[in-house]
Amino acid sequence: MRARSLPVSVPDCIFCRIVKREAPASIVYEDETTLAFLDIRPMITGHTLVIPKSHAAYLEDLSKDSSGPILETARKVAAALRRSGLPCEAVNLWLANGKAAGQEVFHVHFHVLPRFGGDGFGIRAGRGYGRTPERTELDGTAEKIRRALEDQ
Ligand code: AMP
Ligand code: ZN
């Protein structure tokens with residue numbers, strides 16, 4: 001039988017402490033590698049966070065094996081929210097990856113956000129965006145990202 005490895009944890013990380021049951025949480029789902037629990041300051045009722053049990057600060061720190069499972073758990077939670085009886089006609093997934101993107105807890109997490117008509121949510125584009133750029137500009141931007149992907 002294969003020995004179960006314990007998740008990598010960081011002592012002062014609040015989400016690692018939740019994984020280890022050292023901090024309280026309203027848990028909605030757990031499996032071997034992921035955990036889902038309610039956000040302590042919900043943006044909307046049912047606002048759920050999905051995390052890998054092993055500590056990783058950023059999305060790109062996750063291994064191939066641990067990035068898939070958090071999306072699968074977010075999928076399950078999204079489906080459950082629609083069936084839960086909570087107001088939920090649709091769902092947004094949100095992941096803040098880095099401080100400038102709004103990340104406050106540096107343990108990777110998806111926000112799973114129930115949505116319904118008239119809920120007042122919105123995501124604003126940054127200054128100067130929201131226009132349709134020339135194709136040459138889009139191609140130039142795509143080229144930069146393609147090159148960076150080749151380096152991985
Ligand atoms: P982010 O800004 O994407 O890093 O989001 C961090 C989220 O974690 C915020 O929505 C917080 O309300 C939430 N949060 C922080 N501490 C806790 C906690 N102890 N239990 C549940 N959610 C938390
Ligand atoms: Zn952590």
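Read the numbers this way: they start at 1 and go in the same order the structure lists the ligands and their atoms. When reading the values below, keep in mind they use all heavy atoms of this one structure, side chains included, and skip hydrogens, waters and symmetry mates.
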Among the N/O/S atoms of H55, the Zn ion (ligand 2) lies closest to ND1

For ligand 1, what N or O to protein N or O distances fall under 3.5 Å?
residue: ligand 1; atom: 2 (O); partner: G102; partner atom: O; Å: 2.8
residue: ligand 1; atom: 2 (O); partner: E104; partner atom: N; Å: 3.4
residue: ligand 1; atom: 3 (O); partner: H109; partner atom: NE2; Å: 2.8
residue: ligand 1; atom: 3 (O); partner: H111; partner atom: NE2; Å: 2.8
residue: ligand 1; atom: 4 (O); partner: E104; partner atom: N; Å: 2.6
residue: ligand 1; atom: 4 (O); partner: V105; partner atom: N; Å: 2.9
residue: ligand 1; atom: 4 (O); partner: H109; partner atom: NE2; Å: 3.1
residue: ligand 1; atom: 5 (O); partner: H109; partner atom: NE2; Å: 3.1
residue: ligand 1; atom: 5 (O); partner: H111; partner atom: NE2; Å: 3.3
residue: ligand 1; atom: 10 (O); partner: D39; partner atom: OD1; Å: 3.2
residue: ligand 1; atom: 10 (O); partner: D39; partner atom: OD2; Å: 2.5
residue: ligand 1; atom: 12 (O); partner: D39; partner atom: OD1; Å: 2.5
residue: ligand 1; atom: 22 (N); partner: I40; partner atom: N; Å: 3.1

I'd like to know if the side chain of D31 pairs up with that of T34 as donor and acceptor (distance under 3.5 Å, no hydrogens or angles considered).
yes

Taking the Zn ion (ligand 2) as the apex, C16 SG and H107 ND1 span an angle, rounded to 10°, of 110°

Residue pairs passing the ring-ring contact (aromatic ring centres under 6.0 Å, His included) test with at least one member in residues 65-92, sequence neighbours excluded, are none

One should read off an interatomic distance between I18 CD1 and K53 NZ, to the nearest 0.5 angstrom, of 13.0 Å

Pairs of donor and acceptor atoms involving the side chains of residues 103-114, under 3.5 Å and at least two apart or interchain, shall be tabulated with distances.
residue: Q103; atom: OE1; partner: G98; partner atom: N; Å: 2.6
residue: Q103; atom: NE2; partner: A57; partner atom: O; Å: 3.0
residue: Q103; atom: NE2; partner: V105; partner atom: O; Å: 3.0
residue: H107; atom: ND1; partner: H55; partner atom: ND1; Å: 3.4
residue: H107; atom: NE2; partner: P52; partner atom: O; Å: 2.8
residue: H109; atom: ND1; partner: H107; partner atom: O; Å: 2.7
residue: H111; atom: ND1; partner: H47; partner atom: NE2; Å: 2.8

Side chain to side chain contact (heavy atoms under 4.5 Å, CB included) filter on R127, not counting sequence neighbours, yields none

Same apolar cluster (I L V M F W Y, side chains within < 4.5 Å links), L62/L95: yes

Please indicate whether R21 has more than 12 foreign heavy atoms, meaning atoms of other residues, nucleotides or ligands, lying under 6.0 Å from its CZ. yes

